[in-house]
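Numbering of ligands and ligand atoms starts at 1, following listing order. Heads up: numbering here begins at 1 and tracks the sequence.
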Amino acid sequence: MASITFLFLIISFLSLKDRTIALSSSSCALQSANVEFTLSTASHSASNPTSSCSLQQCNITSSDNLTCSLSPTPCFNYRTANNISYCAPAIDCPVLQPCNNMTYSCASNDSVCIVNSCCSPIAVCLPLLTTNFCIRGWSMTGFMNVVRYAHTASTLLDGKVLVTGGYFSGRYLNSVEQYDPSTGVWIQTGNMNVARGLHTASTLLNGKVLVTGGIGNSGYLNSAELYDPSTGVWTQTGNMSFARYYHTASTLLDGKVLATGGYASNSYLNSAEQYNPSTGVWIQTGNMNVARQTHTASTLLNGKVLVTGGSGNSGYLNSAELYDPSTGVWTQTGNMSFARGYHTASTLLNGKVLVTGGDGNSGSLNSAELYDPSTGVWTQTGNMSFARGYHTASTLLDGKVLVTGGSGNSGYLNSAELYDPSTGVWTQTGNMSFARYYHTASTLLNGKVLVTGGYNGGIVWNSAELY
Ligand SMILES: *[C@@H]1O[C@H](CO)[C@@H](O)[C@H](O)[C@H]1NC(C)=O
Ligand SMILES: *[C@@H]1O[C@H](CO)[C@@H](O)[C@H](O)[C@H]1NC(C)=O
Ligand SMILES: *[C@@H]1O[C@H](CO)[C@@H](O)[C@H](O)[C@H]1NC(C)=O
Ligand SMILES: *[C@@H]1O[C@H](CO)[C@@H](O)[C@H](O)[C@H]1NC(C)=O
Ligand SMILES: *[C@@H]1O[C@H](CO)[C@@H](O)[C@H](O)[C@H]1NC(C)=O
Ligand SMILES: *[C@@H]1O[C@H](CO)[C@@H](O)[C@H](O)[C@H]1NC(C)=O
Ligand SMILES: *[C@@H]1O[C@H](CO)[C@@H](O)[C@H](O)[C@H]1NC(C)=O
Ligand SMILES: *[C@@H]1O[C@H](CO)[C@@H](O)[C@H](O)[C@H]1NC(C)=O
Ligand SMILES: *[C@@H]1O[C@H](CO)[C@@H](O)[C@H](O)[C@H]1NC(C)=O
């Protein structure tokens with residue numbers, strides 16, 4: 001019964017979607033507003049078109065009386081069938097229609113069946129005209145035009161997000177689209193010259209986006225192309241010396257781009273090369289000590305690049321190395337405690353690098369470690385609640401790190417967790433609507449995180465969600 005109600009919540013949200021106009025003010029602040037809605041008009045018994053409310057999640061730590069202290073209106077506790085509490089406006093119970101107690105549905109399409117503490121135990125129809133269900137911080141946003149995974153997403157200097165390529169239905173894609181955070185709408189823009197997935201995309205200091213390598217419909221790619229946001233046009237630029245996928249590309253402080261490692265033609269690569277945007281030419285630089293793919297590369301505040309883990313000729317790697325752009329030389333630095341590939345690495349505001357999860361020699365990992373560039377030493381920090389690889393990690397404007405989705409030891413994940421660098425502790429935050437891996441997550445200029453596409457093991461998504 002409970003799960004039916006919850007299911008209906010989801011279904012009615014989805015069926016409302018077509019007729020839902022995104023409110024310009026509809027945003028869900030981190031860990032605060034959870035559901036936003038405007039009450040529906042005329043046809044409903046509880047019509048009150050002028051009333052709208054941003055809902056807060058109730059403080060369920062205070063034992064008996066749930067408090068809705070932050071809410072701007074007098075609120076009651078609404079509880080979904082899976083027992084998540086929300087504060088919602090003080091609608092008089094008698095004016096609400098009860099839900100159909102067999103199907104847990106509402107006669108009006110503009111209503112959602114929900115348990116309201118003031119009406120409890122009767123499930124009532126909460127009249128919603130415009131809804132934006134944010135599951136503790138998440139809300140759905142516009143759908144991409146193209147279903148895809150193993151694509152890239154880059155935040156442009158004007159705040160829009162450029163999504164390129166990827167894979168769907170047996171084909172690598174050359175299609176490209178752009179998300180406008182002010183409207184929540186995706187528009188298709190110029191196609192790349194070459195279809196590609198598992199490539200990289202880097203926003204250059206001049207605002208253009210450089211796409212490199214990956215795998216295409218006829219094999220591994222050494223080609224690179226540049227997107228000009230002012231014209232929406234892609235032009236081919238210099239080829240890399242090596243085809244590579246599962247490689248990295250990092251924008252250096254001087255604006256050059258460093259590509260490292262990856263895989264092509266039956267071998268793991270230790271080579272690295274540097275792209276100069278002013279000449280459009282790639283130049284080979286020092287080789288890494290260890291050949292690796294599915295590693296990470298992070299530009300440190302001191303300008304060096306830290307490469308971590310990945311997989312190579314001897315399986316998953318715990319080693320890490322530092323690239324000095326002034327000499328073109330790689331030096332080995334401290335080893336991580338755990339060998340890992342398909343993990344993430346995020347440069348924190350304090351300059352340390354947080355590595356999370358990934359796949360190791362005995363499955364997915366929940367562990368996380370911090371690298372201190374001043375000592376070259378790794379220390380273990382809090383573990384995530386869920387082991388995951390192929391996930392994303394995004395540094396938020398407040399310095400916390402949001403980890404989303406990925407693949408775990410028993411399936412694909414919709415869960416998300418937040419790391420607080422000041423405490424070293426992870427907390428679970430709201431779950432995404434869909435399990436995703438091989439998805440992307442981009443921090444927007446307004447501080448939200450846009451998650452796009454991905455795969456749940458059965459379905460490839462064109463949906464996108466905002467945190
Ligand atoms: C929630 O309630 C508990 C107990 O009353 C209180 O200690 C805590 O500070 C409250 N939390 C918030 C976020 O209001
Ligand atoms: C809960 O709130 C009601 C009404 O404000 C009050 O009478 C009651 O004592 C409260 N219960 C507890 C346990 O605080
Ligand atoms: C829902 O949560 C409330 C308050 O925490 C608790 O008293 C109740 O037993 C829970 N119900 C279910 C079905 O878990
Ligand atoms: C459903 O509602 C009807 C009429 O309101 C009532 O007679 C019936 O007992 C209810 N059934 C359940 C399972 O609560
Ligand atoms: C409710 O939705 C269904 C299916 O979309 C539609 O056929 C029906 O006309 C709608 N009813 C109202 C009152 O909008
Ligand atoms: C880049 O490589 C592609 C094939 O991989 C080739 O067709 C193209 O001519 C090359 N471009 C340059 C500038 O060498
Ligand atoms: C790091 O690990 C590698 C093997 O993965 C080992 O050969 C090397 O000695 C280790 N380095 C340090 C400093 O422990
Ligand atoms: C984190 O997990 C690792 C391996 O699963 C374990 O060795 C370590 O003790 C854990 N750390 C904490 C703080 O729980
Ligand atoms: C998120 O999903 C996980 C795993 O399915 C579950 O344990 C957790 O309770 C969910 N969290 C919320 C807030 O629904």
Novice: At less than 4.0 angstrom from any non-hydrogen atom of F338, what atoms of ligand 8 do you find?
Specialist: 3 (C), 4 (C)
Novice: Under the side-chain contact (heavy atoms from CB on, under 4.5 Å) criterion, do R148 and V163 qualify, and how do the steps go?
Specialist: CA-CA 10 Å; R148 56 179 97 225; V163 155; 3.5 Å; yes
Novice: Between Y246 and Y342, does the ring centre distance come in under 6.0 Å?
Specialist: yes
Novice: For atom 5 (O) of ligand 7, what's the nearest protein heavy-atom neighbour? Residue, atom name and distance, please.
Specialist: N318 OD1, 3.1 Å
Novice: State whether a side-chain donor-acceptor pair under 3.5 Å links T294 with Y263.
Specialist: no
Novice: Nearest protein heavy atom to atom 2 (O) of ligand 7: under 4.0 Å?
Specialist: yes
Novice: Could you list the atoms of ligand 8 found under 4.0 angstrom from a heavy atom of N366?
Specialist: 2 (O), 5 (O)
Novice: Could you tell me whether atom 14 (O) of ligand 7 has a protein heavy atom closer than 4.0 Å?
Specialist: yes
Novice: Quick one: closest heavy-atom pair of F386 and S415, and the distance?
Specialist: CD1-OG, 3.4 Å
Novice: Can you tell me which portion of L317 lies within the under-4.0 Å heavy-atom range of ligand 7? Options are side chain, backbone, both, or neither.
Specialist: neither
Novice: Compare L365, N383, T381 and give the one whose heavy atom is closest to atom 8 (C) of ligand 8.
Specialist: N383
Novice: Just checking, is any N or O donor in the side chain of N289 or E321 under 3.5 Å from an acceptor N or O on the other one?
Specialist: yes
Novice: Output, in order, the C-alpha distance, side-chain angles, deciding distance and verdict of salt bridge (charged side-chain N to carboxylate O under 4.0 Å, His left out) for K448 and E465.
Specialist: CA-CA 10 Å; K448 295 183 185 178; E465 315 190 27; over 6 Å; no
